[in-house]
Peer 1: 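I'd like to ask some things about the structure below.
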Amino acid sequence: MESRSIFLNISPLDHRYSLSEAAVFDSLSAHISEQAAVVSCARAEVALVKAHLAVRGQLEPAMESKLDKVAAEIDPAAVYAEEEKTHHNIRALVNVMKEMVPPEVAPLVHLGATSVDILDTALSVRVRDCVQQVVLPQLKELERCLCDIAARDAETPQVGRTHGQHAVPITFGFAVAEYVSRLGKSILEIEERSKQLRGKLAGPVGAYNGPSMIVRDPEDLERRYLGYLGLEPSEHSTQLVEPEYLLRLLLECNVAFGIIANLADDLRNLQRSEIGEVFEYFSATQVGSSTMPQKRNPWNSEHVKSLWKAFAPRVMTFFMDQISEHQRDLSNSASQRFVADYLAGFTMAVARMKKVVSGLQADHTNMARNLADAGGKVRGGVLAEPAYILLAEAGVSDGHEVIRKITLEAEETGASFYEVLTKHTDAYAKITAQLEKLGVEDPAGFFAHPERYRGLAAEKAKTLAEKYSRLMV
């Protein structure tokens with residue numbers, strides 16, 4: 001086959017990312033490259049020959065070994081050269097294979113099949129193997145890294161945020177546990193849906209017309225054929241396998257992609273100079289800016305977000321490939337080939353996100369400082385919520401208004417929320433009494449330490465980290 005410099009390739013996946021993520025690229029290439037596509041179709045044709053021989057009781061181990069060798073040694077260049085004559089990819093493959101298999105089984109190559117019996121079946125095998133052997137291992141490694149951070153920083157105080165504003169305190173482990181939970185569920189869905197992909201051997205309209213001329217039980221032949229490939233039959237076929245099996249898998253991949261992009265955004269923002277609560281690993285030779293030597297840009301997280309922007313919209317094409325007119329046309333023949341690009345782009349983003357989180361560290365000093373200063377113009381104002389709740393629990397019907405006025409006083413005077421609250425002795429006494437009822441340690445000093453108001457943040461972080469670590473097998 002003609003060799004080409006990778007720098008003459010068109011897709012960034014085949015040059016820029018094949019270099020920066022070489023191991024991942026090689027793993028993907030084994031399943032979703034053009035060579036892999038030809039080989040998987042050859043494996044399907046071999047499976048069909050085996051099924052015919054098995055039905056006749058003529059499948060011997062020696063013949064099985066010879067057939068497997070044909071599939072392994074198929075030359076994509078030879079198939080492409082033959083396609084220049086036939087202008088039909090599967091007929092070209094069949095012609096090449098008939099010359100490679102033992103003469104006595106050559107008539108069985110493609111017997112009773114239509115092109116898509118091979119193409120859709122081979123695509124299912126390819127996508128299944130790519131997802132199970134490459135995508136899922138990458139996702140699970142990422143998930144385990146997130147679980148480690150959630151457990152490690154379960155107790156690390158951090159100010160919570162909503163609408164870009166300081167909210168009530170949480171822990172950094174709890175913030176990461178959001179992604180542990182969301183991504184963990186999506187990984188389990190992807191794994192399950194990868195097992196649901198289907199194949200077919202039902203002929204040009206899906207009614208088993210051709211196979212019924214060969215065997216008494218065409219569905220038995222189909223089950224045998226697919227069994228050699230580890231698949232089950234589509235419940236109903238036209239010329240095509242029902243598209244929803246693949247669609248649902250790709251949609252769940254896109255769900256995971258969105259979760260990872262969301263995580264990348266959060267981590268990028270937490271690295272902003274004015275926040276500075278986390279930092280990525282930065283090597284001694286790494287350069288952050290071509291002109292500003294001091295810069296340490298969160299470019300890896302931005303890279304993940306950028307890949308999501310490039311590939312997530314392709315979900316629209318997945319939906320459009322649901323529709324094939326007159327039971328089957330060729331309007332998905334080009335678009336479906338780009339499923340490989342999507343899986344590659346998604347996996348590259350997962351691998352890059354894994355690099356980010358594997359070296360991610362929380363800046364405990366900055367987190368503590370931001371929490372202490374949290375509350376907008378009112379230092380310690382993030383504790384206004386528990387003060388109002390406790391006052392209401394003490395029977396004060398306008399507790400919210402009482403605390404609102406205290407925050408205004410703190411803003412006007414420049415004192416902290418805690419300092420002003422203690423001056424309102426009646427309200428403070430009621431609040432402290434409620435804390436005592438709850439068995440809170442040192443109730444009088446509770447509002448001097450915002451990190452103590454964290455609910456079940458630490459416990460939830462630890463629970464979710466343990467749960468999804470256990471599930472990522």
Side-chain angles (χ1 to χ4, degrees), residues 9-11 13-14 28-29 31-45 47-48 74 76-97 109-110 112-131 197-207 209-210 226 229 231 233-234 236-251 253-254 311 313-346:
N9 289 339
I10 293 173
S11 171
L13 293 171
D14 292 324
L28 289 166
S29 182
H31 299 289
I32 55 176
S33 64
E34 186 61 14
Q35 176 170 303
V38 174
V39 170
S40 66
C41 287
R43 286 178 60 199
E45 292 286 2
L48 178 55
I74 194 75
V79 176
Y80 263 60
E82 182 68 16
E83 189 178 348
E84 289 296 313
K85 305 173 190 174
T86 64
H87 298 286
H88 193 287
N89 57 345
I90 293 300
R91 196 68 238 178
L93 173 66
V94 169
N95 290 350
V96 171
M97 289 188 69
V109 177
H110 203 67
T114 190
S115 297
V116 185
D117 287 328
I118 303 302
L119 289 168
D120 273 13
T121 299
L123 178 63
S124 290
V125 169
R126 233 166 29 252
V127 172
R128 178 200 65 198
D129 291 350
C130 181
V131 169
L197 294 176
R198 296 290 189 262
K200 69 177 284 275
L201 182 67
V205 295
N209 300 47
L226 296 175
L229 300 166
L231 293 176
S234 179
H236 179 279
S237 299
T238 55
Q239 189 170 129
L240 304 168
V241 167
E242 292 174 289
E244 287 75 25
Y245 295 112
L246 178 59
L247 174 63
R248 291 187 178 103
L249 172 59
L250 294 173
L251 293 182
C253 287
N254 218 46
F311 287 97
R314 298 194 184 198
V315 71
M316 292 306 301
T317 307
F318 303 155
F319 277 118
M320 288 191 284
D321 279 346
Q322 272 187 284
I323 297 172
S324 194
E325 295 183 12
H326 306 290
Q327 285 120 46
R328 195 251 173 161
D329 61 22
L330 279 173
S331 60
N332 72 340
S333 63
S335 54
Q336 200 171 69
R337 291 178 185 270
F338 290 91
V339 168
D341 288 56
Y342 175 85
L343 289 172
F346 173 45

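No hydrogens, no waters, no symmetry mates; every other heavy atom, side chains included, goes into these values.
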Peer 1: Can you tell me how far the CZ atom of R198 sits from the OG atom of S124, to the nearest 0.5 Å?
Peer 2: 9.0 Å
Peer 1: For the residue pair T238 and R328, confirm or rule out a side-chain donor-acceptor distance under 3.5 Å.
Peer 2: no
Peer 1: Taking atom CD1 of I323 and atom CG of N332, what is their separation to the nearest 0.5 Å?
Peer 2: 11.5 Å
Peer 1: Measure from the side-chain N and O atoms of S333 to the backbone N and O of L330, and report whether any donor-acceptor pair falls under 3.5 Å.
Peer 2: yes
Peer 1: What are the two closest non-hydrogen atoms of L28 and C130, and how far apart are they?
Peer 2: CD2-SG, 3.7 Å
Peer 1: Determine yes or no for a side-chain-to-main-chain donor-acceptor pair under 3.5 angstrom, with S234 supplying the side chain and G199 the backbone.
Peer 2: no
Peer 1: What are the two closest non-hydrogen atoms of I90 and S115, and how far apart are they?
Peer 2: CB-OG, 3.8 Å
Peer 1: Without swapping roles, check the side chain of E45 against the backbone of H110 for a donor-acceptor pair under 3.5 Å.
Peer 2: yes
Peer 1: State which residue, out of N89, I74, V96, fulfils the side-chain contact (heavy atoms from CB on, under 4.5 Å) condition with V38.
Peer 2: I74
Peer 1: Return yes when atom CZ of R248 has more than 12 non-hydrogen atoms of other residues, nucleotides or ligands closer than 6.0 Å, and no otherwise.
Peer 2: no
Peer 1: Within the side chain of K200, is there an N or O that forms a donor-acceptor pair under 3.5 Å with the backbone of Q239?
Peer 2: yes
Peer 1: Between A340 and I32, what is the shortest heavy-atom contact and its length?
Peer 2: O-CD1, 3.4 Å
Peer 1: For T86 and R91, indicate whether the former's side chain and the latter's backbone hold a donor-acceptor pair under 3.5 Å.
Peer 2: no
Peer 1: Do D117 side-chain atoms and T114 backbone N/O form a donor-acceptor pair below 3.5 Å?
Peer 2: yes
Peer 1: Would you find more than 12 non-hydrogen atoms of other residues, nucleotides or ligands less than 6.0 Å from Y245 atom OH?
Peer 2: yes
Peer 1: Between the main-chain N or O of N9 and the side-chain N or O of D14, is there a donor-acceptor pair closer than 3.5 Å?
Peer 2: no
Peer 1: I would like to know whether L119 and L123 meet side-chain contact (heavy atoms from CB on, under 4.5 Å); could you show each step before the answer?
Peer 2: CA-CA 6 Å; L119 289 168; L123 178 63; over 6 Å; no
Peer 1: Testing the basics here: between L229 and R43, what is the closest heavy-atom pair and its distance to 0.1 Å?
Peer 2: CD2-O, 3.9 Å
Peer 1: Out of curiosity, D120 CG to L201 CG, how far, rounded to the nearest 0.5 Å?
Peer 2: 12.0 Å
Peer 1: Distance only, no hydrogens: is a donor on one side chain within 3.5 Å (strictly under) of an acceptor on the other, for E82 and N95?
Peer 2: yes
Peer 1: Working to the nearest 0.5 angstrom, can you tell me the gap between L246 CG and D321 CG?
Peer 2: 8.5 Å
Peer 1: Taking the side chain from Y342 and the backbone from N254, do they hold a donor-acceptor pair closer than 3.5 Å?
Peer 2: yes
